[in-house]
Amino acid sequence: MKRKQQNVIEDLIKSRSITEEDIQDIDYMTEFAKLLEAVKRTHGNTKIKYMKDIFKGTICNGRKEYDLYEEYLQRVYDMSEREMNILLIMHKCEKKEWMTNYNCDSREQKIARSWHEEKLSAKEKLGIDEATLRSIIIGMQRTGFCTVEYIHYAAGDIQMYLLTQYFKDFMKYISI
């Protein structure tokens, strides 16, 4: 067994996410095996951490949300570390923007400010320009985690990207 798989097992045992009842449950063990297989084939500690968080949040503690677990696991497995980092940047910027109380700001203004912050943050943290960021996000739309939105202004339309409710639900299972 590879070291990273061993670390996942040790963490799940330490956090009391695996019980004797779970070991007797064939469905639980099947999903556990899927987690270990995904970890075996994954590079990057961030992705492995998210896979483990998803397992804990959807399968452990009596939840047994097998379909949701498989959806989220597959999405994380298919994404690159950079794509995950972009989603986290978007999440942080959108959360900050929507929590800030600007008087009389329209939804469109909040989206525009958030997108502006996302572009600056991606350039600073990941060294990517706006064109590259847009290309990566377009590719990430396949996950259902983000979507394009067109904001209509008198001077023309502006294309921006937003996180979906599906991603926000996903984030409930991830500890950042």
Are there more than 12 heavy atoms of other residues, nucleotides or ligands under 6.0 Å from atom NZ of Lys64? yes
Selection residues 32-52 - residue pairs positive for ring pair (Phe, Tyr, Trp, His ring centres under 6.0 Å), sequence neighbours left out: Phe32-Phe55
Is Ile59 reachable from Ile13 through a run of I, L, V, M, F, W or Y residues, each pair having side-chain heavy atoms under 4.5 Å apart? yes
Rounded to the nearest 0.5 Å, what separation is found between the CD atom of Glu117 and the CD atom of Glu124? 10.0 Å
How about Glu21: does its CD atom have over 12 heavy atoms from other parts shown lying under 6.0 Å from it? no
Can you tell me how far apart CD1 (Ile151) and CD1 (Ile111) are? Round to the nearest 0.5 Å. 4.0 Å
Starting at OH of Tyr173, measure out to CG of Leu68 and round the result to the nearest 0.5 Å. 5.0 Å
List the steps, then state whether side-chain contact (heavy atoms from CB on, under 4.5 Å) holds for Asn7 with Arg3. CA-CA 6 Å; Asn7 288 342; Arg3 184 72 197 144; 3.0 Å; yes
N/O donor-acceptor pair under 3.5 Å between Ser121 side chain and Ile89 backbone: no
Between the main-chain N or O of Asp11 and the side-chain N or O of Ser15, is there a donor-acceptor pair closer than 3.5 Å? yes
I'd like to check Met90 versus Ile137 (side-chain heavy atoms, cut-off strictly below 4.5 Å). Are they in contact? yes
Taking atom CD1 as the centre, does Ile26 end up with more than 12 heavy-atom neighbours from other residues, nucleotides or ligands that are less than 6.0 angstrom away? no
With the threshold set at 4.0 Å, does a side-chain nitrogen-carboxylate oxygen contact exist between Glu37 and Lys34? no
Just checking, any donor-acceptor pair under 3.5 angstrom between side chains of Asp22 and Thr19? yes
Are any of the side-chain nitrogens in Arg134 or Glu130 under 4.0 Å away from the carboxylate oxygens of its partner? yes
Ser114 (side chain) donor-acceptor with Lys110 (main chain) under 3.5 angstrom: no
Quick one: side-chain contact (heavy atoms from CB on, under 4.5 Å) partners of Glu83, sequence neighbours excluded? Met79, Ser80, Ile136, Met140, Arg142
With a 4.5 Å limit on heavy-atom distance, are the side chains of Gln165 and Asp169 in contact? yes
Strictly distance-based, threshold 3.5 Å: is any side-chain N or O of Gln5 a donor or acceptor partner for the main-chain N or O of Leu36? yes
Please examine the side chains of Lys123 and Asp129, heavy atoms only from C-beta on, and report whether any two atoms are closer than 4.5 Å. no
Would you please test Tyr72 and Tyr166 for ring pair (Phe, Tyr, Trp, His ring centres under 6.0 Å) and show each step? CA-CA 10 Å; Tyr72 287 159; Tyr166 186 63; 5.5 Å; yes
Taking the side chain as C-beta and beyond, is there a heavy-atom pair between His91 and Glu118 under 4.5 Å? no
May I have the step-by-step check of side-chain contact (heavy atoms from CB on, under 4.5 Å) for Glu71 and Thr143, ending in yes or no? CA-CA 9 Å; Glu71 286 175 23; Thr143 64; over 6 Å; no
Answer whether the closest heavy-atom distance between the side chains of Leu133 and Trp115 falls below 4.5 Å. yes
More than 12 heavy atoms from other groups under 6.0 Å of NZ on Lys40: no
Are His152 and Glu108 side-chain neighbours, meaning at least one heavy-atom pair lies under 4.5 Å? no
Rounded to the nearest 0.5 Å, how far apart are CD1 of Ile174 and NZ of Lys56? 11.0 Å
For the residue pair Gln74 and Asp78, confirm or rule out a side-chain donor-acceptor distance under 3.5 Å. yes
Reported CE-to-NZ distance for the pair Met51 and Lys4, which is rounded to 0.5 angstrom: 9.0 Å
Is there a path of hydrophobic side-chain contacts, each under 4.5 Å between heavy atoms of I, L, V, M, F, W or Y residues, that connects Ile158 with Leu120? no
Residue pair Gln141 / Val148, side-chain heavy-atom distance below 4.5 Å: yes
Any non-hydrogen side-chain atom of Lys2 less than 4.5 Å from a side-chain atom of Val39? no
So, Tyr69 versus Tyr66, ring centres under 6.0 angstrom or not? no
Does atom CG of Asp157 have more than 12 heavy-atom neighbours, drawn from other residues, nucleotides or ligands, at distances under 6.0 Å? yes
Which value, rounded to the nearest 0.5 Å, describes the distance between Arg82 atom CZ and Ile128 atom CD1? 5.5 Å
I'd like to know if the side chain of Gln159 pairs up with that of Tyr161 as donor and acceptor (distance under 3.5 Å, no hydrogens or angles considered). yes
Carefully, step by step, assess Glu10 and Lys14 under the rule side-chain contact (heavy atoms from CB on, under 4.5 Å). CA-CA 6 Å; Glu10 288 171 6; Lys14 188 178 0 175; 6.0 Å; no
Checking Thr58 side chain against Ile54 main chain: does a donor-acceptor pair fall under 3.5 Å? yes
Of all heavy-atom pairs linking Leu12 and Lys52, the shortest is CD2-CG, 4.1 Å
